[in-house]
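Here is the structure we will look at.
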Amino acid sequence: MSGGRRVPNIAVVGGQWGDEGKGKVVDLISEHFAVVARFQGGPNAGHTVTIGDRRHAVHQVPSGVFRPGVRIVIGNGTVVDPEKLIEELDQLTAAGFDLADRLFISDRAHVILPLLQQLDALSENSADPGARIGTTQRGIGPTYEAKAARWGIRVADLSDPIQLERRIQRMLDGPAGRRLRDAGEQPEAAAGVARRAHAQWRRLAPHVADTAMLLNDWIDGGANVLFEGAQGTLLDLDHGWYPYVTSSSTMAGGVCAGLGLAPKLIGGVLGVFKAYASRVGAGPMPTECDDGPGGVGERLRERGREYGTTTGRPRRCGWFDGVAARYANRINRFDCICVTLLDVLDAFDTVRIAVEYRVADRRTPTVPPSVAGAMEPVFETLAGWGSDTTGIRAWDALPEAARRYLGRIEEIVGAEVALAGVGPERGQSLVRPGSWLARQLGR
Ligand code: IMP
């Protein structure tokens with residue numbers, strides 16, 4: 001709460017290809033909320049939060065976990081890996097974060113089983129390069145596929161070991177098992193999988209609930225909720241560069257189905273962007289700087305420590321893609337945006353922003369549906385600021401050239417820049433006075 005006025009329910013959504021620093025933004029503002037809820041994705045996410053000299057990473061648990069007293073929800077639109085979730089809960093408990101009576105897991109979320117993860121790895125290791133997306137191999141795609149095809153297993157289904165074994169056997173007898181056997185893989189027998197999954201259920205059961213009903217009750221009782229997105233808009237199943245996408249709805253629109261909440265309950269949408277672009281996995285990235293040792297791509301990667309939180313993979317890096325960002329804003333209607341990792345650009349004499357793509361000699365101001373053919377970015381170049389911003393603690397103290405850069409992003413994207421990140425710590429997020437975000441937080 002701030003100044004006696006309740007902050008509205010706000011969605012925090014990635015505007016690029018994930019890894020924009022959503023976890024950090026959620027951690028920063030979560031003290032103003034009663035609840036933080038994840039609505040899509042699963043252990044493919046990796047949200048890092050730095051508190052003091054300790055860096056914490058969460059994959060399935062919402063980043064609100066680091067604020068004692070804030071309730072955290074893993075919603076029905078997510079996919080849950082029970083084994084990894086239990087590991088995460090153990091680590092959080094050992095680090096001193098209490099989860100009793102504040103973590104709630106949807107009984108309707110779908111469960112990632114070992115054979116579904118095996119299927120993910122199978123596609124990724126396929127001899128056919130067209131079948132490889134560069135996924136995190138956490139079983140995300142096959143689990144959402146099972147959900148859509150109506151043979152998936154939900155958290156509630158883990159409670160009955162006899163029915164569970166039957167369902168898993170049906171999966172093994174059906175297309176999932178066939179695909180594995182055809183590839184020469186031997187999936188584990190249903191009985192063992194069911195026994196383990198049921199034991200995991202017993203551990204998670206105190207947290208399992210009908211989270212849609214809980215959230216609606218809490219909101220009716222005056223609580224406010226922060227909706228924490230994972231991945232980013234350009235990885236959205238419908239609106240990303242298909243097929244190089246994740247298997248869920250990563251945009252603000254995903255909140256309602258993923259949590260069981262009406263659209264009118266979303267009071268605002270906050271887009272999170274990096275000051276440049278990064279992407280892991282395959283697929284188009286028009287502004288990628290693949291310019292070798294010492295080049296822009298490598299400098300961004302090293303300065304931004306651009307290695308995957310979940311997989312450790314080096315991320316592809318390049319200049320800010322204003323075309324993709326404008327597209328993300330069109331379909332999310334951000335109330336404001338946060339630009340993180342601005343300090344990574346401190347060392348560059350000039351900085352660039354793509355304002356259009358050239359596709360087959362024609363200029364296009366938006367994202368085309370097809371990934372066939374080259375997309376040449378048309379860049380605008382701006383002066384860099386050439387000074388260390390990491391010690392800055394107030395928006396107005398940012399160098400003028402940095403503010404000009406943010407101002408240009410604002411114009412191109414079409415949404416107000418309300419926060420700039422100049423480092424990983426809580427104090428290094430600079431909220432712009434008078435902005436939409438500052439007004440909501442009563443700052
Ligand atoms: P999946 O979500 O594991 O199926 O992977 C599909 C695509 O989304 C791949 O390009 C992944 O690298 C990407 N992806 C999935 N989760 C994240 C994330 O949290 N950050 C960045 N990229 C991600």
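Order of appearance sets the numbers: ligands from 1, and atoms from 1 within every ligand.
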Pi-cation contact, F104 with R71 (under 6.0 Å, within 45°) =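 The answer is no, since R71 fails at least one limit relative to F104.
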Cation-pi geometry met for R170 and W151 (6.0 Å, 45°) = no
Candidate list F348, Y276, Y405, test ring pair (Phe, Tyr, Trp, His ring centres under 6.0 Å), partner W319, passing option =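 Output: one option passes, namely F348.
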Considering both backbone and side-chain atoms of [X], is one of its nitrogen or oxygen atoms within less than 3.5 Å of a nitrogen or oxygen in ligand 1?
{"X": "N44", "value": "yes"}
{"X": "T136", "value": "yes"}
{"X": "Q231", "value": "yes"}
{"X": "D120", "value": "no"}
{"X": "G18", "value": "no"}
{"X": "R279", "value": "no"}

H47, portion touching ligand 1 at heavy-atom distance under 4.0 Å | neither
Which bit of V245 is near ligand 1, meaning a heavy atom under 4.0 Å away: side chain, backbone, both or neither?
-> backbone
Exam field: side chain [X] to backbone [Y], donor-acceptor pair closer than 3.5 Å:
{"X": "R303", "Y": "E298", "value": "no"}
{"X": "R38", "Y": "F227", "value": "no"}
{"X": "K22", "Y": "Q231", "value": "yes"}

When you measure from [atom] to every protein heavy atom, which one gives the shortest distance, and what is it?
{"atom": "atom 10 (O) of ligand 1", "result": "V280 O, 3.2 Å"}
{"atom": "atom 20 (N) of ligand 1", "result": "D19 OD1, 3.0 Å"}
{"atom": "atom 2 (O) of ligand 1", "result": "T246 OG1, 2.6 Å"}

Hey, looking at atom 11 (C) of ligand 1, which of G134, G281, P243 has the closest heavy atom?
->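 Comparing heavy atoms across G134, G281, P243, the nearest one to atom 11 (C) of ligand 1 lies in G134.
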Over all atoms of both residues, closest heavy-atom pair of M251 and V13 | CA-CG1, 4.0 Å
What are the two closest non-hydrogen atoms of S249 and Q40, and how far apart are they?
-> O-CG, 3.2 Å
Under the side-chain hydrogen bond (donor to acceptor under 3.5 Å, both in side chains) criterion, do E302 and Y307 qualify, and how do the steps go?
-> CA-CA 9 Å; E302 294 313 314; Y307 295 88; 2.6 Å; yes
Consider ligand 1: state whether an atom of it lies below 4.0 angstrom from any non-hydrogen atom of A45.
->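 Yes, A45 has a heavy atom closer than 4.0 Å to ligand 1.
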Mind checking whether R138 has a heavy atom under 4.0 Å from ligand 1?
-> no
Can you sort out which atoms of ligand 1 are near [X], meaning under 4.0 Å from one of its heavy atoms?
{"X": "W17", "result": "21 (C), 22 (N)"}
{"X": "T135", "result": "1 (P), 3 (O), 4 (O), 5 (O), 9 (C)"}
{"X": "L235", "result": "8 (O), 13 (C), 14 (N), 22 (N), 23 (C)"}

Scan R108, K147, R167 and name whichever one has a salt bridge (Lys or Arg N to Asp or Glu O under 4.0 Å) with D157.
-> R167
Out of curiosity, T211 OG1 to I105 CD1, how far, rounded to the nearest 0.5 Å?
->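 It is 10.0 Å, given to the nearest 0.5 Å.
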